[in-house]
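Here the structure is a predicted model, which is why all the values come from computation and not from measurement.
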Amino acid sequence: MGFTGSLILARTPDSLLDMDLLAPHEAELVGRHDDHWQLAAVHGDFPDVPGWAAALVAATAAPVLIAVVGDSDTALLLADSPGGHRWITVLNAPADSAGRAAVADTRAMTAIAEAAVTWAAEAGHTVAADAVLTALCEADRDNRAANQAFSDALDAGDFAATHEVVRNQISFIEVYVLRVLTALGVAVSAQDTGSWWAHLADQAHAPSPYPGDLPTG
């Protein structure tokens, strides 16, 4: 069973878990960085994610990014900042959804990547738009590539190849969220090197099993 909840990235010298906004919820600290960036996993659903992000920006006086994860399958990314640099996108959006259509539109995704670069600049990091664009589109691309590879191998009766597709496929969307954080310059180190989150971080640093071109549209 996958993770359902929110990954909260914020910058504060105090523990993110002690903030009034997070303290009432079931949460754990996933990772942190020496410059006070912290990533927390908060279990459960929240009805007003934009409001939550705005409240965290006000409380920390720093940019915030929230990834709303559904059963480790999809992730809605919402970012906000004191300067009003906001952007939103979905990683591995469901088929036939507006999010999937957006990822297939290079122009739309480029605009989101450029907004994310501006957000990262406010966070104190100069990042490459191409790397951000790749990270934002990678989950959708890998998912479609794996599905096609599996279908082709199955049609050919090559069961060894189908096994290899299953073995190589990265099925946890949190891996792709962590890749986005890396592209934005705000990656954090796992709190517990033996934890499941540390395992996902190791996967995030591994090369994609399905490298390829970004979608065009």
(request) May I have the step-by-step check of side-chain contact (heavy atoms from CB on, under 4.5 Å) for L77 and L91, ending in yes or no? (result) CA-CA 8 Å; L77 302 187; L91 306 185; 4.1 Å; yes
(request) Search all heavy atoms of T74 against all heavy atoms of I173 and return the closest pair with its distance. (result) O-CG2, 3.7 Å
(message) If only side-chain N and O atoms count, and only distance matters, is there a donor-acceptor pair under 3.5 Å linking E174 with S72?
(response) yes
(request) Could you grab the distance from atom OG of S189 to atom CZ of R32, nearest 0.5 Å is fine? (result) 11.0 Å
(message) If you apply the rule side-chain contact (heavy atoms from CB on, under 4.5 Å), what do you find for L136 with Y176, and how did you get there?
(response) CA-CA 8 Å; L136 294 178; Y176 293 92; over 6 Å; no
(request) Using the side chain to side chain contact (heavy atoms under 4.5 Å, CB included) rule, pick out the option among V188, V30, L200 that qualifies with L178. (result) L200
(message) I'd like to check H36 versus D14 (side-chain heavy atoms, cut-off strictly below 4.5 Å). Are they in contact?
(response) no
(message) Would you compute the distance between atom OG1 of T118 and atom CZ of R86 and round it to the nearest 0.5 angstrom?
(response) 13.5 Å
(request) Please step through side-chain contact (heavy atoms from CB on, under 4.5 Å) for the pair L78 and V68, ending with a clear verdict. (result) CA-CA 8 Å; L78 186 147; V68 182; over 6 Å; no
(request) Return yes if some donor-acceptor pair links the side-chain N/O of H199 with the main-chain N/O of S195 below 3.5 Å, else return no. (result) no
(request) Check the angle between the aromatic planes of H25 and W52 and answer parallel, tilted or perpendicular using the 30° and 60° thresholds. (result) perpendicular
(message) Looking at every heavy atom in both R11 and A123, which two are closest together, and how far apart are they?
(response) NH1-O, 3.1 Å
(request) Considering non-hydrogen atoms only, spot the tightest contact between V127 and G185 and give its length. (result) CG1-N, 3.9 Å
(request) Write down the atom of L65, the atom of L184, and the distance for their closest heavy-atom approach. (result) CD1-CD1, 3.9 Å
(message) Just verifying a value: how many Å separate R107 CZ and I112 CD1, rounded to the nearest 0.5 Å?
(response) 13.5 Å
(message) Quick check: closest heavy atoms across V132 and A183, and the distance to 0.1 Å?
(response) CG2-O, 3.8 Å
(request) Taking W119 for its side chain and D80 for its backbone only, find out whether a donor-acceptor pair lies under 3.5 Å. (result) yes
(request) Would you give the length of the straight line joining atom CD of E138 to atom CG of L133, rounded to the nearest 0.5 angstrom? (result) 11.0 Å
(message) Tell me whether Q38 contacts the main-chain N or O of T12 through its side chain, where contact means a donor paired with an acceptor under 3.5 Å.
(response) yes
(message) When you compare the side chain of V175 with that of V177, does any pair of heavy atoms fall below 4.5 Å?
(response) no
(message) For a 4.5 angstrom cut-off between non-hydrogen side-chain atoms, does W37 reach P63?
(response) yes
(request) Without swapping roles, check the side chain of T4 against the backbone of D71 for a donor-acceptor pair under 3.5 Å. (result) yes
(message) Determine whether a donor-acceptor pair (N or O, by modelled atom type, separation under 3.5 Å) exists between the side chain of R179 and the backbone of A135.
(response) no
(message) A quick test of your reading: do over 12 heavy atoms of other residues, nucleotides or ligands sit less than 6.0 Å from CG of D45?
(response) no
(message) I'd like to know whether the aromatic ring centres of W197 and F3 sit less than 6.0 Å apart in this structure.
(response) yes
(request) Decide side-chain contact (heavy atoms from CB on, under 4.5 Å) for T182 and V180; before the verdict, give the C-alpha distance in whole Å, the side-chain angles of both, and the deciding distance to 0.1 Å. (result) CA-CA 5 Å; T182 297; V180 170; over 6 Å; no
(message) Could you check whether atom CG of D48 has more than 12 heavy atoms from other residues, nucleotides or ligands sitting under 6.0 Å from it?
(response) yes
(request) Work out which heavy atom in L16 is nearest to a heavy atom in I8; give both atom names and the distance. (result) CD2-O, 3.7 Å
